[in-house]
Every structure is written in C-alpha cells, then in structure tokens.
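Letters A, B, ... are given to chains in the order of the sequence lines, protein chains preceding strands, and every chain is numbered from 1.
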Amino acid sequence: MPELPDLQAFSHNLNKKLAGKTVKQIAVINAKKLNVSHKELQDKLAGQKLDEVYREGKELYLKFSKGDILGLHLMLHGKLFLFKDKHENKYPIIELYFNDDTGLVLTDFQGIATPTLNPEDKDAPDALSKDAGVDYLTARLQKTKTNIKTVLLDQKIIRGIGNAYADEILWHARISPFSASNKIPADKVKQLVKSIHSVLKEAEKQIIKANPDIISGEIRDFMNIHNAKKTKSPTGAEIQVKDGSRKTYYTEEQELYS
DNA sequence: AATTGTGTTCGAGT
DNA sequence: CACTCGAACACAAT
C-alpha cells in the first residue's frame, strides 16, 4: 500500500498533470463513507478549477478555486488512474471528469478508499511539518507509556507514518520499536525527529527515481529493514520479525528503553 | 495454490 | 473507565 513518501510523489505528479483543469462532472460509484451526497459533491465541485494537489497525512487533497477541498484516502489498496474519455479500471470508487475530456479515477477492490468533501482540520501535525518537531514529540511521548511504534502509527499524534516506515524510522534512529514512549531519553527523541524527516524524504527520492511519473502503486525494494527480501540490516545485524496484527521488523542494534 | 500485506474502525477482553 | 488487541474489509501479487 502507499505510505507517506508514495503519496508525496503521487501528489507532485497529479499536481503537474491536473492543476488548472476544470471539473465537468463527478461520478460516485462506490463511496460508502463519503461525507456528503453525490448530488452535493457534484453541485459543489462542477465548474470549479482544480488549483492544487497536495498531501496531508495519509490523504491527498485536491484544492479547488472556490476553496473547496476533496480529500482522497487510499486506505490499503486505493489506486489512482488518469484517463482520456473513459477508463476500464475495475472497482471504481469515484471518477472526476475534466473539461478537456480527461479524467481521474480512484479504485479500490476492497471498497474502503474514502473521498471526503472539505475534511476537517486535524489537530495532529503532519510527520513532515515543523510542528512535529522535538518540542512537540518530547511533550507528547511523555504522555503515554505505550510502545513507541504504536505512538508513531497513531494518526491522532502524528500523521502520515504507516507500518513499514515506522520500522524504517525506528531502525534509523536505533530505537527499539518496543521501547516505552515515555522512557526514551531526550537526545534519542531528537534523533527520532531527524530520522522521521530523513527516512521519509529519502524514500520519496528513491520512489521518484524508480518511477518519475508514479501516481499509484508502491515501490519498496529500497527499504532496509521492513523488507521480506532482506535478512540483514545495512550494518550487518540479523533482521528480526515479530508477528502481530501487523509485522514489525527490527534488529538488536536498536536500543530498548523500558 | 497457499500465503502475505496493508489503515482504520469497532467490539471484546483485561 | 482506560487501555490493548484481534477481526474484518476483499483481493493482487507472488
């Protein structure tokens, strides 16, 4: 599934391809959790120009000329396709048609990818925002004793990190995923903030390098730790796997604070 | 051809 | 009551 760096790449590419186009029509085919009626979405967005596409947490935001925003959450398997005139992709959720006869379709075989009209502003900072800095995380990590991986995955605390990148980030920071969040020393929290930023930005670079025009799917061959094809970390430690409702990959190089 | 993977919600258990 | 954990969603890729 796409995580933050993938979505970041998608948003750049979609912005390049779609910004400036005007919405002609919208078809809602299977959006169980859309927060407004099909008619309201159509009435609001038809005729508006798409100003910008960008990423917010794990969602893509399409911002229109009158200020309306269409949020797209891809969930586990959502995929985007651009098309001319019509498309033949299976499992469509929603289709946007533009006035030059091109279109954008969101599909999901699980039917759980979710469009949202004018999503509420979230309190939690985006993982790449400067608001998710040392001060914020230090204070926030003190408030809970759950393990640090769970905290990184909690979208109410910091938005955008998923299962795979949580493992990559924690290895990069050399913090065990099972560490109690309130036991991580100050200098390690500093390192964690640096690791969040550098792991996510580096991944985005790798993804764009591998596929400059990517707007869906995922590329993860380059991942160092959360990678079933690898047995050792770049520094030679055996990669361990803990099976849970999601898998956690880690090595003994990561210090456990408890 | 059986296994694996992925975010979020929700209900049950501690 | 607060928290933690697993199941479900339903298929593609291998």
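Distances shown here put every side-chain N or O of A:K58 at or beyond 4.0 Å from the OP1 or OP2 atom of B:dT6. Not one side-chain nitrogen or oxygen of A:R220 sits closer than 4.0 Å to the OP1 or OP2 atom of B:dG5. Contact annotation: A:Y249 side-chain N/O to B:dG5 OP1/OP2 distance is under 4.0 Å. Using a 4.0 Å cut-off, no side-chain N or O of A:Y91 falls inside it from OP1 or OP2 of C:dA10. One finds no side-chain N or O of A:H226 lying less than 4.0 angstrom from the OP1 or OP2 phosphate oxygen of B:dG5.
When the P atom is used for both B:dT4 and C:dA7, the distance is 15 Å, rounded to whole Å. For the C1' atoms, the distance from C:dT14 to B:dT6 is 16 Å, rounded to whole Å. For the P atoms, the distance linking C:dA10 with B:dC10 amounts to 15 Å, nearest Å.
Residue pairs satisfying the ring pair (Phe, Tyr, Trp, His ring centres under 6.0 Å) criterion with at least one member in residues 109-139 of chain A, sequence neighbours excluded, are listed as follows: A:H77-A:F109. Applying the ring pair (Phe, Tyr, Trp, His ring centres under 6.0 Å) definition to pairs two or more places apart or across chains, those involving residues 167-195 of chain A are A:F178-A:Y250. Listed by first and then second residue, the ring pair (Phe, Tyr, Trp, His ring centres under 6.0 Å) pairs that reach into residues 193-229 of chain A are A:H226-A:Y249, sequence neighbours excluded.
A distance-only check finds a donor-acceptor pair linking the side chain of A:E168 to the backbone of A:N224 [under 3.5 Å]. With hydrogens and angles disregarded, no donor-acceptor distance shorter than 3.5 Å links the side chain of A:R55 to the backbone of A:S11.
Of the residues in residues 201-215 of chain A, not one comes within less than 4.0 Å of DNA chain B through any heavy atom. For the segment residues 71-78 of chain A, residues with any heavy atom less than 4.0 angstrom from an atom of DNA chain B are, sorted by number, A:H73, A:M75, A:L76, A:H77.
Counting any heavy atom pair closer than 4.0 Å across all strands shown, A:K156 reaches no nucleic acid atom. At the heavy-atom level, A:E218 lies nowhere under 4.0 Å from the strands shown. Among the heavy atoms of the strands, none lies under 4.0 Å from A:K229.
Per the geometry, CD1 belonging to A:I157 stands 13 Å off C1' belonging to C:dC3, to the nearest Å. Taking atom CG of A:N163 as the reference point, atom C1' of B:dT4 lies 13 Å away to the nearest angstrom. A:L152 places its CG atom 14 Å from the P atom of B:dT8, with the value rounded to the nearest Å. If you measure from atom CD of A:Q110 to atom P of C:dA12, you get 11 Å, rounded to the nearest angstrom. The distance from atom CG of A:D167 to atom C1' of B:dG5 is 13 Å, rounded to the nearest whole Å. Distance, A:Q155 CD to B:dT9 P: 10 Å, rounded to whole Å. Straight-line distance from the CG atom of A:N147 to the C1' atom of C:dC3: 13 Å, rounded to whole Å. The CG atom of A:D108 sits 11 Å away from the P atom of C:dA12 (whole-angstrom rounding).
A:V199 and A:I225 fall into different hydrophobic clusters, where Ile, Leu, Val, Met, Phe, Trp and Tyr residues are linked whenever their side-chain heavy atoms come under 4.5 Å apart, directly or through other members.
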Quick one: the dot-bracket string of DNA chain B, using Watson-Crick and G-U wobble pairs with both distances under 3.5 Å, [ ] for crossing pairs and | for bases paired to another strand. .||||.||||||||
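The ring-ring contact (aromatic ring centres under 6.0 Å, His included) search around A:F64 returns none, not counting sequence neighbours. In this structure, the side chain to side chain contact (heavy atoms under 4.5 Å, CB included) partners of A:K188, at least two apart in sequence or on a different chain, are A:R174, A:I175, A:I184, A:P185, A:Y257. Considering only residues two or more places apart in sequence or on other chains, A:Y97 meets the side-chain hydrogen bond (donor to acceptor under 3.5 Å, both in side chains) condition with A:E95. For A:K232, the salt bridge (charged side-chain N to carboxylate O under 4.0 Å, His left out) partners two or more places apart in sequence, or in a different chain, are A:E238.
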Candidate pair A:L41 and A:I94, rule side-chain contact (heavy atoms from CB on, under 4.5 Å), full reasoning: CA-CA 11 Å; A:L41 189 67; A:I94 187 173; 3.6 Å; yes
Could you pull out all donor-acceptor pairs under 3.5 Å where a side-chain atom in residues 21-30 of chain A meets a protein atom, sequence neighbours excluded?
residue, atom, partner, partner atom, Å
A:K21, NZ, A:D100, OD2, 3.0
A:K21, NZ, A:T102, OG1, 2.8
A:K24, NZ, A:D101, OD1, 3.0

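Shown here is A:D123, whose CG atom has no more than 12 heavy atoms of other residues, nucleotides or ligands within 6.0 Å. Counted within 6.0 Å of NZ on A:K230, heavy atoms from surrounding residues, nucleotides or ligands total more than 12; the atom is thus considered enclosed.
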So which protein N/O to nucleotides 12-14 of chain B N/O distances come out below 3.5 Å?
none

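Nucleotides of DNA chain B nearest to A:L153 and A:F109 differ in position, and the one nearer the 5' end is that of A:F109. Nearer the 5' end of DNA chain C, as judged by each residue's closest nucleotide, is the contact made by A:K32, out of A:K32 and A:K79.
Between A:K58 and A:Q155 the shortest side-chain heavy-atom distance falls below 4.5 Å.
For A:K90, counting side-chain heavy atoms from C-beta on, the closest listed nucleotide (C:dA12, B:dT8, C:dA10) is C:dA12.
Between A:L18 and the choices A:L104, A:N13, A:D51, the side chain to side chain contact (heavy atoms under 4.5 Å, CB included) rule is met once, by A:L104.
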